[in-house]
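Presented below is the structure to which this report refers.
Since the model is a prediction, treat every value here as computed from it, not as a measurement. Just so we're on the same page: letters track the sequence lines, and every chain starts at 1.
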Amino acid sequence: MISYFVRRILLIPITFMCITFLVYFVMRSAPGGPIEQARQQIMMQDGGGGGGAAGEDLELPQAAIDQLKRYYKLDKSKPHGYLIWLGLAPDEDKGDRFSGIVQGDFGRSYLWSDPVIETITSRFPISIYFGLIGYFATWLVCVPLGIKKALNHRSMFDTGSSMAVFLGYSIPGFVAAMILMLLFSTELIGCDWFPLGGFRSEGWDDMWAKGEVWWCIKDQLHHTFIPIIGYVMGGFATMTILMKNSLLDNLGADYVRTAFAKGLPENRVVFVHALRNSMIPLCVSIGHAIGLMLAGSFLLEKTCNIPGLGLLGFESIVGRDYPVIMGVLVFAVLIKLVGNILSDIVLAFVDPRVRFS
Amino acid sequence: MVNDSADFGVDTLLDVRNVKIHYPIHGGVFLRRIGEVKAVDGVSFTVKPGETLGLVGESGCGKTTMGKGVIRLVDVTDGEILFRRKNGDVVDLVGLERQAMRPVRAEIQMIFQDPYSSLNPRWSVGDIIAEPLSVHSPDMKRAERDEQVAWLLEKVGLTGEQADRYPHEFSGGQRQRVGIARALATRPRMVIADEPVSALDVSIQAQVVNLMQDLQEEFGLTYLFIAHDLSIVEHISHRIAVMYLGNIVEIGPARTLYEEPVHPYTRALLSAVPLPDPSLERPERMVLKGEVPSPLAKPSGCPFRTRCPLAEPSCAEEMPVLQAVAMDHEVACPIVLRKG
Amino acid sequence: MDVLSFLLKLVVVVAGGWLMTTRAIPWIFVRLARLVGFRAKITPVTRRRVDRFKRIKRGYWAFRLLSTLFVISLFLEVIVSGRALVVVYDGEVAFPAVAEWVDNAAFFTDVNTFNKASDFGQIGESEVDYRQFDEWSEDPGALRSEIANRTADADADAAEIAASAPTADDKEWKHKAHQRKVTKLEKRRGEIETLTANLDVFENGTAFAVMPLYPYSPSEFRHEFEKNPPNKPSFSTGLLLGTDVSGRDLVPLMAYAFRISLSFALIVAFVGYFVGIIVGGVQGYFGGWTDILSQRFVEIWGSIPFLFTIMIIASILRPSFLILVGLLILLRAWLGITYYVRGEFYREKSKDYVHAAIASGVSDRKIILKHILPNSIVPIVTFAPFAIVGYVNALVSLDFLGFGLPAGTPSWGGLLRQGLENITFYPHLVIAPVVALALTLYCVVMIGEAVREAFDPKVFSRLR
Amino acid sequence: MSRDDRQKLLELRDLRTYFDVEGRTAKAVDGVSFDIYTNEVFGLVGESGSGKSVTSLSIMRLIPNPPGRIESGEIRFRGQNLLDLSFAEMRKIRGNDISMIFQEPMTALNPVFTIGYQLREGIRYHSKCSKAEAEDRATEMLDLVGIPDPRRRLKDYPHQFSGGMRQRAMIAMALSMEPGLLIADEPTTALDVTIQAQILELMLKVREKTGDASILLITHDLAVVAETCDRVAVMYGGKIQEISEVKALFKTPLHPYTQGLLSSLPRPDKQKKTRLDTIPGIVPSIMSMPPGCKFAARCPIAEPRCERDEPELREITPGRFCRCHLVDGKGGGRAW
């Protein structure tokens, strides 16, 4: 089993390099790179955008282009540039030091000129905040609901709640958040209860400094409510049905009959024997949930205007901010890979039968 | 064709020589080969035309793997399997390429244990029986093929009209009959029957056993009959080979083996078989201690020594070989032979 | 008359769609399958499952409804379009809507859909205004009043021109300007004459047009309203769903977006499954190192954060429909099913009926295609509806973020994006796509659940 | 000891257990009556679909519902009708007075709990003892069923046990409360012959050590019955066809079905027959049972009335019951 995990962990760098190289390659090959960006910026400043065709090279001096190329490693071959970015080849600009992802140097953002790593680490906790609350809220809803549905299979309650669950499945989380905002953040039906997006109110930091803790918490919860429902909507149908079907399967298992034959009461058989087994697939979902957390965050953070990693990724793509794009990608890939391993660890933890080999 | 067919007896149909079937086990960080399951570990026997050789043993002893190895459903690691074809050629099945194996497949067929999974649930019974025909006689006309299928169905005690039905419309015993009809479609010389009756009800078992015997007589079939049920094997077989952990421990004529078993394992196995007669005074039952060791961690020397009542320190040293105790009767246990 | 013809058209559309869906298309599929070499014969096992599916009313009717709607939507160019189905004008006959349909269906050729206005009794070199043509042909009085209006306008202008006629001592440019006005007026007079001459054709009935059910195209801007777009929905203006920020009618937008979304998802699911089944099948059937290596590859590939990657690529490529389909297939759609198919092939491969086939000398290709695949593909069917939901949502998400289909393509996600920007004042831009999306996907999920139930009915037997 | 001196432990009276399958009723158990005396091993033999397993589950009231239900009948255990008990009262009986072991030792144990946990659980539920006491009892039981190093093995999970060991653990679990009746539903079918011999021997030995439980042994294997049981009931088509002392049954089977079954077994100890005797035809489907005698269609001596009228289970000679129109008790049974 240990060798299995060692193998999995060894696969992380390989996977990581494959993916990042692929994206690096695509972005280097694509038109509209940083040079183009700089050129357009200069044109905007000079001619005010008046009739300047993008094709005219005259407006940027060759020396400047060369400098830019050098800065963005466009004068190197793609693999070489990639290795420099990764920190596995020396960077001339930094005195031939190795300085890249491996050393924790993600470069600087074009848009904000901050070090990428700082931008990401400042945004990351916000995504984690919503992701974790969302995930646990999903559990809180799905597990009891799934159990009740399984125990009342084919009853009115089951059929009725299935309708609701399927409706939840057919509406993506960000759309659900949008509906909620429409209903409860606008005057449409006269219930303007929640803010229209945002992570916190404007003056939150001031109020916090002033020690208005209650106000701050209230404000924070106020802003949290709608996005969290969006997060929950994103995964709750799958999880509820998984819980239900898994419990149903286990209730029909032979060992449940054995437990009854021992004379155990129904509650103990259902909630100890069957439930313990049917939680296994749910626990394993934690790794996937972490991956999904990020995918969902692109949409929800955009919808609810939450300045997390997802919105950062979105803005960086819109602004062609390559160092940030690559930085977010690195994070996304790492989160996903760690999530996969986490799933395996959880599985090994909850299921004594599992012996990876 | 094999060169050394000289020592291949004229009256031999199948000659299995020191066959080994090992499965590698991968493990470690880089999935290296860290060991192997020795499912079949040096098995030799011969089968004469028209006879039935029974292959018995407990689950995991390698009897099914051996059967599948003969028909090349699993890859043979080492050894030779010589087979005499209809035209008199002797081929080594182990060395044959897929393409070369194909025509031979018409002459060796197999009957499977599970009458449920051995028939494709989405095919009609007629299509199932016709498939080997369409592979081996692709030029056969549709009508002729249907005729063949109907004839085969009647041979196994079903009716030609049942060709359009699907497997789930049949009972277990009837399905097994379909399986037999499929095996006979290409008129094989040899049929490997892998526990053909153990999934069937008692009252149906006898029907299928009788059918198999009738067909053997009519078509001159040779059976390799694999089973764990000693009484059925004894009934249908001319000779019996007893397997334990990938090796044959005793081989001999059915009656002899049953009445005068020599190897301690054979004796234990026979004494464990319950008899359907409470009035029978049976000798002291020989209940074996413990269970069959995992083929992953096969004991050194004699594989049976961990459970053997006669085991001596010398048993751990080398693998016993089959030695003749009588005409056609061989045993792989030097201790018994020494004690007489 | 108007209502009657609308209802008539509606009945024709629905009945046609129904017949296509329940009769023609299944027939064609069966023929095609037999042509390719499948039996396309329903085995009793499948029969039982189909019967069970039919007994689950919700799912069955959702399937009928959705499949009919989708089949109908394949002919949207002749149902919801500003172009006429048929225009006849004095011996000129054209089928512009049909031509457009053919043009879109046969995307590899270029079918002419353009009909010059002047060829059809209207004025100008641009395309015929079919709605106006239809109005005139139904009621030549409309043309007459149009002529009257134009004449009145022209007369008024003539009077004004006459009044402001430059005298000899005016500057030359004034003369020139006057001359221009006069020329223009003459041209307008000429047009009026043409129209008057054409009045005949409209009056004696040799001009007529058949308009589609809803005579507006998704690409048309409805500027006939006084307010700047977006326009809110209202019955009085006839804008049932309102317009988007650029003034396009939401009814055709919704309809075309339905078709695009569903066909996108269907193609992605179908091709993705095709690839996934091949990969998973090869892994499961052959096993060994092929399996180990390709599984590692699948694992690495599956770790790509696909939404983010598609966003990056889309921001660079500005993808078309097909490129987006390709990207989604490449990065996601084939992956999930490989695990399943691989497992299923492993399981089926070890069953004795496969051994029997091998022992009979059946080739690998035949074993895979005729034995294992039919037995392992059936459960895959139960995943398909849920996958389709996923791909519709993926498209909506990408469109919403602005990295989806090219700007201007009718799309629910694009509308949602507009809706989010105008959420406070124009809620219809959120409500319309949400309702359309939710209803469509709800139907798909209903189908999926019914299929799952039909294939694998779960039982709860209570012990106490 | 004549049978009248012995106490009736379990009396089944006209038990009917039906299953509703796709709108039709399958009469899996259709009027089964028999008695089990204290301290005896009672065999219930039959082929698949004969209703023997459903009978045993009905006694435990472990019929999955839906689709199954106990339609009518009485199950008297020590004079008390189990079908009248509340679920709570029934639970006190299960595992305590009547316990059961199942066919599939692989799936009958919960994979995520240790053997020790599953053993202790039942002990503690019924005897309300402390955890340490339960642990001791569990260790003792494992030791009794011949599992070496029992205290350590208690910490193992079921998958770490082999099939035979799991069945031993099941027996330990079933006998830990010294039940009056042990129901063993095909306990050795999934095991090899040498292991089967071990398990059968163990079952008999352990029940003596723990307090002389009666055993209801359900099997399809007549030979197992011959080796282990005192009395036997033969089931076919959801009905008891014959009840007898084991020796008498094997000496002179009365019912044509029993006769056919016995003669179709290959007998290595006898002179070799070239062909086995067979029962023609197939087992009737549980969904469509014939109206008359369930065996009539396959019976070599059937008369027209057999297809029409269901025969009664009659006492032919004292202690021997047979459900056949044509058996009269005066040498009607054909010795084979």
State the [atom1]-[atom2] distance between [X] and [Y], to the nearest 0.5 angstrom.
{"X": "Asp364(C)", "Y": "Arg98(B)", "atom1": "CG", "atom2": "CZ", "value": "4.0 Å"}
{"X": "Leu119(B)", "Y": "Lys351(C)", "atom1": "CG", "atom2": "NZ", "value": "12.0 Å"}
{"X": "Asn120(B)", "Y": "Thr43(C)", "atom1": "CG", "atom2": "OG1", "value": "9.5 Å"}

Requested in this report: Pick whichever of Met110(B), Gln109(B), Gln113(B), Glu169(B) has the most heavy-atom pairs under 4.5 Å with chain C.
Outcome: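 Of the options given, most contacts go to Gln109(B).
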**Report entry** Max heavy-atom pair count under 4.5 Å with chain C, selected residue of His136(B), Glu131(B), Lys68(B)
**Finding:** Glu131(B)
Report task. Over all heavy atoms of both residues, which pair between Asp114(B) and Asp352(C) is shortest? Give the atoms and the distance, please. Result ->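 Minimum heavy-atom separation between Asp114(B) and Asp352(C): N-OD2, 3.9 Å.
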Query raised in the report: Of all heavy-atom pairs between Pro121(B) and Val45(C), which one has the smallest distance, and what is that distance?
Result: O-CG2, 3.9 Å
Query raised in the report: Does atom CZ of Phe63(C) have more than 12 heavy-atom neighbours, drawn from other residues, nucleotides or ligands, at distances under 6.0 Å?
Result: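 For Phe63(C), atom CZ is not crowded (no more than 12 foreign heavy atoms under 6.0 Å).
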Query - pair Thr46(C)-Arg122(B): side-chain heavy atoms closer than 4.5 Å - result: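 Yes; the side chains approach each other to less than 4.5 Å.
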Report task. Check whether any side-chain heavy atom of His168(B) sits under 4.5 Å from a side-chain heavy atom of Pro44(C), and report yes or no. Result -> yes
Quick one: what part of [X] sits under 4.5 Å from any heavy atom of chain C, side chain, backbone, both or neither?
{"X": "Ile128(B)", "answer": "neither"}
{"X": "Leu73(B)", "answer": "side chain"}
{"X": "Arg165(B)", "answer": "neither"}

**Report entry** Which portion of Arg48(C) sits near chain B, non-hydrogen atoms under 4.5 angstrom
**Finding:**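 The side chain, not the backbone.
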Under 3.5 Å, is there a donor-acceptor pair between the side chain of [X] and the main chain of [Y]?
{"X": "His355(C)", "Y": "Phe112(B)", "result": "no"}
{"X": "Arg105(B)", "Y": "Ile358(C)", "result": "yes"}
{"X": "Trp123(B)", "Y": "His371(C)", "result": "no"}
{"X": "Arg102(B)", "Y": "Gly361(C)", "result": "yes"}

Report task. Tell me, out of Ser363(C), Pro374(C), Ser360(C), who's got the most heavy-atom pairs with chain B below 4.5 Å. Result ->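 Ranked by heavy-atom pairs under 4.5 Å with chain B, first place is Ser360(C).
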